[in-house]
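Each ligand, and each atom within it, is numbered from 1 in the order the structure gives. Just so you know, these numbers use all the heavy atoms, side chains as well, and skip hydrogens, waters and symmetry mates.
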Amino acid sequence: MAETCDIAIVGAGIAGASIAAEIAGISSDLGQTARIVLLEAEDAPGYHTTGRSAAFWEESYGGPGVFPLTMASGPWLADNGFLSPRGALNIGRADDRAKVEAFVARFAAVGADIRLLSRAEMEARVPGLRPEWTCAAWEPGCADIDVAGLHQHYLAQCRRLGVTLQTRARVTETNREGAMWRLGWNGGAAGEGAVRAALLVNAAGAWADPVAKLAGARPLGIAPLRRTVVQLRCDPAPPSTLPLTLGINEDFYFKPQGARLWLSPHDETPDVPRDAAPEEWDVATAIARMEQVVDWRIEAVERRWAGLRSFAPDRLPVYGFDPDREGLFWFAGQGGFGIQTAPAAARLAAQLLLSAPRDAMTAPLDAATYAPNRFV
Ligand SMILES: Cc1cc2nc3c(=O)[nH]c(=O)nc-3n(C[C@H](O)[C@H](O)[C@H](O)COP(=O)(O)OP(=O)(O)OC[C@H]3O[C@@H](n4cnc5c(N)ncnc54)[C@H](O)[C@@H]3O)c2cc1C
């Protein structure tokens, strides 16, 4: 006989962990503590995209539609000690000046702290910057995020509030039994299991569409795009004050990580839901692009990895009940901003799911922008 709960959440990356913690917190504040089961296919939560991020919070990242979520999350992340100052420099060559200026104007218009920098100001921030890079948009508020700390915070809150975390539980079956879902999973050597739940939350990252299909819902076209990161040892070692440095044409970014450099070619290669691995070509492309930006010598490629950033067709996240399939709630399409938006996104989604009132963090957010019915 399958255990019965109120809410089953598929996926325990940052999305699943954060929404589970928020639902548990809000429902217990309302005096109706929800029984929640968090189902994760892997041995440990965070194995997929959450564990592979570049770990930054940047106001402009994801565009103006994501900006309100980023801004609503920032103060909470800072107050809880998950951010440390970094600064971001979006750089261009002479031909890119109009683009850099338009970038500044676009984000200044929505309230971002952003301004143009002179070549001298750029050099002071990025030693060894090649002379052709002459214009930049500076975002002083950009910060590094303690991703593992944030994920663990939500998982710890889940534990404290009685959420059951079931790892090695790849959901392979979802059926309606009256007004309830019945979810069956296969954990390989860990055996099979099942749970009955009134609501099903789809927080399956790159697997969001396959999980929706399993639940008999129409997939929304959430596409996994692969992104590569390499860790380099350089001479000179990057200064600890080096900002996150991004090409205005979205073809590279790098930032320091201790005495090492994390570098990405800013790739977005269409992929399939899987344990993504880096391609040599993307590693080589990243290095070739970086060599055009700074005159540092690369001593070693120490690590390389890739992860899947999953986007809905309009590149905005999807939070809300499925318009057609009763009892199915989407929390997916976190793209390249799922860590930096997690606090406000999870709070908003939990309030929508529980029909709970908004609070100061979520009051400025327009839920309709992120609702799945925008694709109907
Ligand atoms: C290289 C890279 C750099 C990034 N940099 C940043 C950054 O600087 N800042 C930022 O905010 N974001 C960044 N991101 C994006 C961020 O990492 C993602 O938005 C976020 O991690 C998505 O979280 P998630 O929980 O939706 O997905 P995941 O972490 O992938 O979690 C989904 C989980 O669902 C589980 N699952 C899937 N199907 C099933 C099933 N049937 N049954 C049970 N479990 C299932 C999977 O095993 C997985 O653990 C980056 C991403 C990449 C790849």
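Ligand-side atoms of ligand 1 in range of Glu40: 33 (C), 34 (O), 35 (C), 43 (C), 44 (N), 46 (C), 47 (O), 48 (C), 49 (O), range being under 4.0 angstrom from any heavy atom. Within the listing of ligand 1, atoms 39 (C), 40 (C), 42 (N), 43 (C), 44 (N), 45 (C) sit less than 4.0 angstrom from a heavy atom of Val10. Each of the following atoms of ligand 1 lies closer than 4.0 Å to a heavy atom of Arg227: 1 (C).
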Salt bridge (Lys or Arg N to Asp or Glu O under 4.0 Å) evaluation trace for Glu121 with Arg115: CA-CA 12 Å; Glu121 290 172 304; Arg115 67 179 174 90; 3.6 Å; yes
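At the top of the distance list for atom 52 (C) of ligand 1, counting protein heavy atoms only, stands Arg309 CG, 3.7 Å. Ranking protein heavy atoms by distance to atom 16 (C) of ligand 1, first place goes to Ile339 CG1, 3.9 Å. Looking only at protein heavy atoms, the nearest one to atom 29 (O) of ligand 1 is Thr50 OG1, 2.5 Å. Among all non-hydrogen protein atoms, the one lying nearest atom 13 (C) of ligand 1 is Gly336 O, 3.2 Å.
Ligand 1 has an N or O atom lying under 3.5 Å from an N or O atom of Val171, backbone or side chain. Of the N or O atoms in Gln334, one or more lie within a sub-3.5 Å distance of an N or O in ligand 1. Remark: ligand 1 and Gly338 share an N or O pair separated by less than 3.5 Å (distance only, no angle test).
Listed by first and then second residue, the salt bridge (charged side-chain N to carboxylate O under 4.0 Å, His left out) pairs that reach into residues 163-179 are Glu42-Arg170, Asp43-Arg168, Glu177-Arg182, Glu177-Arg196, sequence neighbours excluded.
Listed by chain and number, the residues in a ring-ring contact (aromatic ring centres under 6.0 Å, His included) with Trp296 are Phe254 (sequence neighbours excluded).
Ring orientation note: the planes of Tyr253 and Tyr61 are nearly perpendicular, at an angle over 60° on the 30°/60° scale.
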